[in-house]
Amino acid sequence: MDCLSDSAWVVWEESAGSELYVAVATDSQGQTFECNSTNSNMCAVPDLHCGLNFTFTLTALDQQCSSAPSNAVMSETAPCPPQDTQTKVGCENHTVSVSWTPSVGALMYTATLERTDGETTFCTTDGTGCDITQLPCGETYVLAVTAEGRTCNTSESMGTIVRTVPCTPQRLQASVSCSSNVANMMWNTSRGGQLYSVEATGTDGHVAGCMSHDTRCDLTGLHCGQHYTATMVARDSDCTSPVSDTVELKTAPCIPATVSTVMDCTANAMHVSWSKSSGADSYIATLQDSDGSSTTCQALSGAASCNITTLSCGHIYHVTVAASDGSCSSPSTDVTDTHAAPCAPRNIETVMDCEARVAMVSWSMSAGTVSYVATATTLSGHAVTCETSNTFCELGGLACGESYSVSVQAWGESCSSMATMTGQLVTEPCVPFHLSAKYSLTIGQVLWDVSQGATLYSAEAVTEEGHLISCNTSDTYCALYNMACSQVYNVTVTAHNNICQGMATSKSINLKTEPCPPNNVETSVDCETGTGAISWEMSVGAVGYIAFFNGRNGDSLSCHTLAHHTSCRVEGLNCGTVYYARVRALGDTLNSTDSTTVLLASGQ
């Protein structure tokens, strides 16, 4: 039997007289196959069906006759090749189970796995299946099943590719991107692995995974501030490898929440606080001012606040906070804008409007200021204020004769700062009170009470005709000299200081001077009766007059008259005597000096 070609070689001894030999093979089903030969003692019967018993006979022929059949020889063809070969890989026990349908004529079967390097492993059975055990991971085999008959073995079954369970992936590593919280997972190639699967479980129970045909993949969607434990497996179409060793990874801390700021306006420092974030063991608060300069403060050991001192006045600070775990920092929080204290006002100046009794306060613009409040305060506590968004305002309601300390307070969004003017705001002196006057001939004495804030006084006396007499003094009195007779003076006192002059004038009082001496005095005598007459012009302000006649021998006569009379008479003149006649005007408080003396001679 030619097992490889499914044919049979029939061999015989030559028969005398034979010209042709015909060999016939009859199978158990009665089907025949034959071959013939003319000059040889063998021939091959081809195309025999597998797995059948055959009876072989030989007949010799010449041109006319054929011999009787030879003796019969029994034989069988090779078993048919096993069909419907199936495999099942035992992923957990490193076994391949092989099965097939029975093969006609087969006594035994052998299932063989052959690696690409030629190494083989097999199992043998008289049944229709067997297990090949203790197979290494990650190998690829070609499976062939052969059947053994009594005389032949079959050709191998159709080759089937078999893969054992992939090997466990080795050297799993993780690298976390702080900015994106994406973990880049890497590993070594696993024999037999066609698809790799990574799975990471966080301390909060969150599970993330990624798959790849390569030796890396990215775990996305990881929760911030978590510790993850990652493992991986390799897969093929049938099996999953055992789980790899674990690797630990830590995601970037979460972004801090509820950032708040509080300004210490006095120290111009800022207190920054926030809610703690998962995964953080320190925090950095960054303040960027409106000029682009930055300053930071750090909170360690999980503290949730820090202080930043020596901030510049007048700036808006943009505050952000980032959490750190020593390896990664979280993204920064949204910006929180905080206004530092405004800068203190500078170049504070005041100008006193003495006439209106108000003061104009001005200063240089102060950075970071929304509004200003200017305050003037006396030592006794009297204060006046004005508020504005400009760099000047008007202080009204100022008391006279005071020195005010002036300050300007700049108000920002949440803080204020104050500056005080160098020097004092001096108001106009108060108006002098309790003015009084005394008069003696040609001299008026004016007195008054001390006027608060005054450093100098001026007293003025003015007649209706405009005649002015004045005096200046730092005391509370002064004398008015050369006052004219027969005048009513309107007397006032004005207080002055270095700031205001001529504004604080008292109420006026009247000062009446003595009448002027009568003018144009004339005399006459009545010799018969010894009567003397005298006349004169009216003297303004006089309430009466008295005329004196003084004789050379020492006798004296006088006569009186009221204000509306400008003459009077005396009797009893001594004859032959020369009299000196003069007239005196009588006033309310003072009398005038005597008029010019006129001589009067009495009769003989």
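- The closest side-chain heavy-atom distance from V162 to V89 is below 4.5 Å.
- Under 4.0 Å is where a charged nitrogen must lie from a carboxylate oxygen, and between R216 and D214 no such pair does.
- Heavy atoms from other residues, nucleotides or ligands lying under 6.0 Å from CG of L300 number more than 12.
- Applying the side-chain contact (heavy atoms from CB on, under 4.5 Å) test between L249 and each of M185, Q226, Q173, H227 identifies M185 as the sole match.
- The backbone N or O of N472 lies less than 3.5 Å from no partner atom in the side chain of S458, so there is not a single donor-acceptor pair.
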Exercise. Before giving the answer on side chain to side chain donor-acceptor pair (under 3.5 Å), spell out for T494 and E460 the whole-Å C-alpha distance, their side-chain angles and the decisive distance to 0.1 Å.
Key: CA-CA 8 Å; T494 302; E460 291 185 348; 6.0 Å; no
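- In this structure, M421 and S407 have side chains that are not in contact, with every pair of non-hydrogen atoms separated by 4.5 Å or more.
- No side-chain donor-acceptor contact under 3.5 Å links H271 to the backbone of T261.
- Contact check for W187 versus C217: side-chain heavy atoms found under the 4.5 Å cut-off.
- S290 and H315 share a side-chain donor-acceptor pair at under 3.5 Å.
- Under the 3.5 Å distance criterion, the side-chain polar atoms of E248 are left unmatched by any main-chain donor or acceptor of T246.
- Considering T463, I443, L511 as possible partners of M483, the one that fulfils the side-chain contact (heavy atoms from CB on, under 4.5 Å) test is L511.
- Between E139 and R163, none of the side-chain N atoms (NZ, or NE/NH1/NH2) sits under 4.0 Å from a carboxylate O, so this pair counts as no salt bridge.
- Looking at every heavy atom in both residues, V493 comes nearest to W448 through CG2-CE3, 3.6 Å.
- Here the OH-CG distance, from Y489 to L480, works out to 9.0 Å after rounding to the nearest 0.5 Å.
- Within the 3.5 Å criterion, the main-chain N or O of F392 finds no donor-acceptor partner in the side chain of N390.
- S305 and S273 form no side-chain donor-acceptor contact under 3.5 Å, judged by distance and modelled atom types alone.
- Using a 3.5 Å distance cut-off with no hydrogens or angles, the side chains of E402 and Q452 do pair a donor with an acceptor.
- Listed for the S417 side chain is a donor-acceptor partner under 3.5 Å among the backbone atoms of P342.
- Legend: side chain to side chain donor-acceptor pair (under 3.5 Å) pairs involving residues 373-382, not counting sequence neighbours, sorted by first then second residue: T378-S380, H382-Y404.
- Side chain of S416 to backbone of W411: no donor-acceptor contact under 3.5 angstrom is found.
- Side-chain contact annotation: T240 with R235, donor-acceptor N/O pair under 3.5 Å present.
- Scanning both residues, N188 and T215, for their nearest heavy atoms gives C-CG2, 4.4 Å.
- Remark: S241 OG to R191 CZ distance equals 12.5 Å, nearest 0.5 Å.
- A side-chain donor-acceptor contact under 3.5 Å links T95 to the backbone of N93.
- With no hydrogens or angles considered, a side-chain donor-acceptor pair links N490 and S508 at under 3.5 Å.
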Practice problem: Any chance you could lay out the side chain to side chain contact (heavy atoms under 4.5 Å, CB included) test for R357 and C400, step after step, and finish with the verdict? | Solution: CA-CA 8 Å; R357 295 184 63 186; C400 64; 4.0 Å; yes
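- Remark: side-chain polar atoms of Y196 are not paired, donor with acceptor, to backbone N or O of T189 under 3.5 angstrom.
- You'll find the side chain of M186 stays beyond 4.5 Å of the side chain of R171, heavy atoms only.
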Practice problem: For the pair Y283 and W274, evaluate ring-ring contact (aromatic ring centres under 6.0 Å, His included) and give the outcome as yes or no after the intermediate values. | Solution: CA-CA 10 Å; Y283 301 88; W274 53 86; 5.3 Å; yes
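- Evaluation of the side chain to side chain donor-acceptor pair (under 3.5 Å) test over residues 322-336, restricted to residues two or more places apart or in two chains, returns none.
- In summary, the side chains of T505 and T492 do not present any donor paired with an acceptor at a separation below 3.5 Å, with no hydrogens or angles considered.
- From T296, atom OG1 reaches atom CG of L287 across 9.0 Å, with rounding to the nearest 0.5 Å.
- Interatomic distance, M263 CE to M270 CE, rounded to the nearest 0.5 Å: 5.0 Å.
- The six-membered or imidazole ring of Y372 lies near that of W363, with a centre-to-centre distance under 6.0 Å.
- Residue S474 holds its OG atom at 12.0 Å from NE2 of H496, rounded to the nearest 0.5 Å.
- For the pair T427 (side chain) and L398 (backbone), a donor-acceptor distance under 3.5 Å is absent.
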Quiz prompt | Worked verdict on Y457 versus V450 for side chain to side chain contact (heavy atoms under 4.5 Å, CB included) | solution = CA-CA 10 Å; Y457 301 93; V450 172; 4.1 Å; yes
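- Considering only heavy atoms from C-beta on, I308 comes within 4.5 Å of T295 through its side chain.
- Using a distance-only test at 3.5 Å, with no hydrogens or angles considered, a donor-acceptor pair links the side chain of Y228 to the main chain of H223.
- Proximity of N268 to C313: side-chain heavy atoms (C-beta onward) are separated by under 4.5 Å at one or more points.
- Distance check: I499 CD1 to M352 CE gives 9.0 Å after rounding to the nearest 0.5 Å.
- By the 6.0 Å contact criterion, CD on E465 is enclosed, its count of non-hydrogen atoms from other residues, nucleotides or ligands being greater than 12.
- At a cut-off of 3.5 Å, with distance as the only test, no side-chain donor of S592 or E514 sits close to an acceptor on the other residue.
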